[in-house]
Novice: 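One structure is given below, represented as structure tokens, and several questions about it will come after.
Each chain gets a letter, A, B and so on, in the order the sequences are listed, and its residues count up from 1. Values below: all heavy atoms of this structure, side chains included; hydrogens, waters and symmetry mates excluded.
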Amino acid sequence: MDGRKGRRFLVKKFMKSDVLLALKDVGKKVKGKAILEGVSLEVREGEIFGLLGGNGAGKSTVMRLLLGLIAPSTGYFYVGGYRCPPLPPRAKTMIGGCLDNTSFYGNLTGIENITFFASLSSYYPEVAEIEFFASLLDFEPSLLYKKVGSYSQGEKKKLSLLHSLFPLPRILVWDEPWVGLDPRGVKKVQELIVNLNTEQGVTFLLSSPLALELEKVAQRVAILHQGKIKWNDYLTPGLSLGEIYWEIIEEK
Amino acid sequence: MKVTRAEIKKATHNPRFYGGILISWALAGLVVAQAWQDPLSFYLGKITLSLSLLYPMALFGPVGGIWGGTENIAEERMEGTLSTALLRPLSRWEWYWGKVGFSLFYNLLMVFTPLLGMALLDKIMWRGGVSLRLLGGGAMVVLYISSFSALSYLFSSLFYRPWGGPLLALGIGAFSWIVERLGGGENVQIYLITHHLSSFNIFFLPRIDWHQALSSFLILGSYTGGGLLIGALIFMRQEER
């Protein structure tokens, strides 16, 4: 066992087994401007964790960081027991992602895009499997055979959620999953999140600027404001996430 | 390999992929038309169709190889598909070399498919055929085109504009050609990329000059390998914000 493997083995052994995602005092600076400052949070296995914050709060930065697209300037994070950065491909097999602006090849159809990106995970989904998940998202099966270049914003969003399901990972990190969707689409996405969580045991990290939508599915929420975690707790009946959020904003 | 395989499959949906191959076949068609019009000079000059094809291939191939191949790094980055791909269990290193693998495969396809067609025609018309000389000449042209592809990769890893990398790579080719035409400094000229435009000819001389062949392979190989490696190192240090 070489040193690097040994370190990972120890990390896996001593990392809390039920914590799948963790940020430890993470900071991120871009061109001298602090986007994140001392962010620490943990997402446990089987949990639906929400990250609430306004525009520019740093939600997408947290998501991109956990998905290995960017590296923190300070601190570190864990994905499935692997200390990062860098996010090793083995840890990436556990995590699926949908960015706020996931892009696809416009000259390929929806199904061709899904199979192309899934093949990068060495996974080759059956058409019936894709159509099944598409129906759960209220995504017209005929749309799967149309070029993505002709899709509306909402259809692109549904495709980006859909593509992250092949193969179905242990952790799904979805950045603003209901942006651009109509109320029916939002409801379908929320139902899918709850179904995947309860039936398949998928752990979710969701980000959204909408407290009302987030509290419908999330079990625990952290409020991110100006790059800092301001609140992090379980949601209980009678607790209004929106009111807590406004209190934090007005504290400024 | 999985990235290269996926890229090949994706490219079959891209008109640019067929465009580059079609241009290389059109060049072959022009060579055949020329031989058809003046078969005697071809026969007397002992010029084969395949040898006649290599020069226009080397001349136009860099453009075909750069644009026809696949979306370059800057293009993928600007369209956002690079981030989507990197969500998969791939390292940046793996993705980059997978893309490069496809580009090299495309250059091989673009040169060798019409070349083998021409060799077949040579066999029918002049009882020529596929020889090691032809393979050597073809490999030299592929390496020449690939050195431009490598420069394009290097520059497209630096830029966010899709046309920046290809234009700069071709600009370097044009600059090298002008410097060469200005003459002088023979010791330096050998290191210019366009100096090796006709290096495939070495393989068609009555006696192959292996020393010259090796130096051309080394210089073009350095452009290709060096360009790709520096591009990879730059790409590894970047982030997808």
Novice: Would you please go through residues 111-129 of chain A and name the residues with a non-hydrogen atom below 4.5 Å from one of chain B, in numerical order?
Specialist: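 A:Glu112, A:Phe116, A:Phe117, A:Ala118, A:Ser119, A:Leu120, A:Ser121, A:Ser122, A:Tyr124 fall under the 4.5 Å cut-off.
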Novice: With a 4.5 Å heavy-atom cut-off, do B:Leu87 and A:Leu69 have their side chains touching?
Specialist: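 Counting from C-beta outward, B:Leu87 and A:Leu69 do come under 4.5 Å.
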Novice: Under 4.5 Å, counting heavy-atom pairs only, tell me which of B:Ala85, B:Pro89, B:Pro15, B:Ala6 racks up the most with chain A.
Specialist: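 Result: the option with the highest number of such pairs is B:Pro89.
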Novice: Could you tell me which non-hydrogen atom of B:Arg88 sits nearest to which non-hydrogen atom of A:Pro167, and how far apart they are?
Specialist: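 Looking at all heavy atoms of both residues, the closest pair is NH1-CD, 3.7 Å.
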Novice: Can you confirm whether more than 12 heavy atoms, excluding those of B:Trp25, are under 6.0 Å from its CH2 atom?
Specialist: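 Atom CH2 in B:Trp25 is crowded, with more than 12 foreign heavy atoms closer than 6.0 Å.
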Novice: Taking CZ in B:Phe60 as the centre, count heavy atoms belonging to other residues, nucleotides or ligands within less than 6.0 Å. Is the count above 12?
Specialist: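 Check fails, neighbour count at 12 or below.
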Novice: Please state whether the side chain, the backbone, both or neither of A:Val173 comes within less than 4.5 Å of a heavy atom of chain B.
Specialist: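 Answer is neither: A:Val173 stays 4.5 Å or more from chain B.
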Novice: Relative to chain B, which segment of A:Leu67 carries a heavy atom at a distance below 4.5 Å: side chain, backbone, both, or neither?
Specialist: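 Both the backbone and the side chain of A:Leu67 come within 4.5 Å of chain B.
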Novice: Over all heavy atoms of both residues, which pair between B:Thr84 and A:Ser103 is shortest? Give the atoms and the distance, please.
Specialist: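 Shortest heavy-atom separation between B:Thr84 and A:Ser103 comes out as OG1-O, 2.7 Å.
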Novice: Hey, does the side chain of A:Lys92 reach the backbone of B:Ser91 with a donor-acceptor pair shorter than 3.5 angstrom?
Specialist: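 A pair under 3.5 Å: no.
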Novice: Using a 6.0 Å cut-off, check whether atom CH2 of B:Trp97 has over 12 heavy atoms from anything other than its own residue.
Specialist: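 Result for CH2/B:Trp97: enclosed.
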Novice: Counting only non-hydrogen atoms closer than 4.5 Å, does A:Lys28 touch chain B with its backbone (N, CA, C, O), its side chain (CB onward), both, or neither?
Specialist: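 When you check distances to chain B, only side chain atoms of A:Lys28 fall under 4.5 Å.
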Novice: Atom CG in A:Asn107, atom NZ in B:Lys10: separation rounded to 0.5 Å?
Specialist: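 If we round to the nearest 0.5 Å, A:Asn107:CG and B:Lys10:NZ are 7.5 Å apart.
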Novice: State, to 0.1 Å, how close A:Arg64 and B:Ser83 come at their nearest heavy-atom pair, and which atoms those are.
Specialist: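 What the structure gives for the nearest pair is NH1-OG, 3.7 Å.
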Novice: Counting heavy-atom pairs closer than 4.5 Å to chain B, which one of A:Gly68, A:Ala71, A:Ser60 comes out on top?
Specialist: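 So the answer, after comparing A:Gly68, A:Ala71, A:Ser60, is A:Ala71.
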Novice: Tell me which of these, A:Thr93, A:Ile95, A:Asn101, has more heavy-atom pairs under 4.5 Å with chain B than the rest.
Specialist: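 Of A:Thr93, A:Ile95, A:Asn101, A:Thr93 has the most heavy-atom pairs under 4.5 Å with chain B.
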Novice: Counting only heavy atoms not in B:Lys2, do more than 12 sit closer than 6.0 Å to its NZ atom?
Specialist: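 Yes, the 6.0 Å shell around NZ holds more than 12 heavy atoms from other groups.
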Novice: When you look at CZ of B:Phe175, are more than 12 heavy atoms from neighbouring residues, nucleotides or ligands closer to it than 6.0 Å?
Specialist: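 Counting neighbours around CZ of B:Phe175, 12 or fewer heavy atoms of other residues, nucleotides or ligands fall under 6.0 Å, so no.
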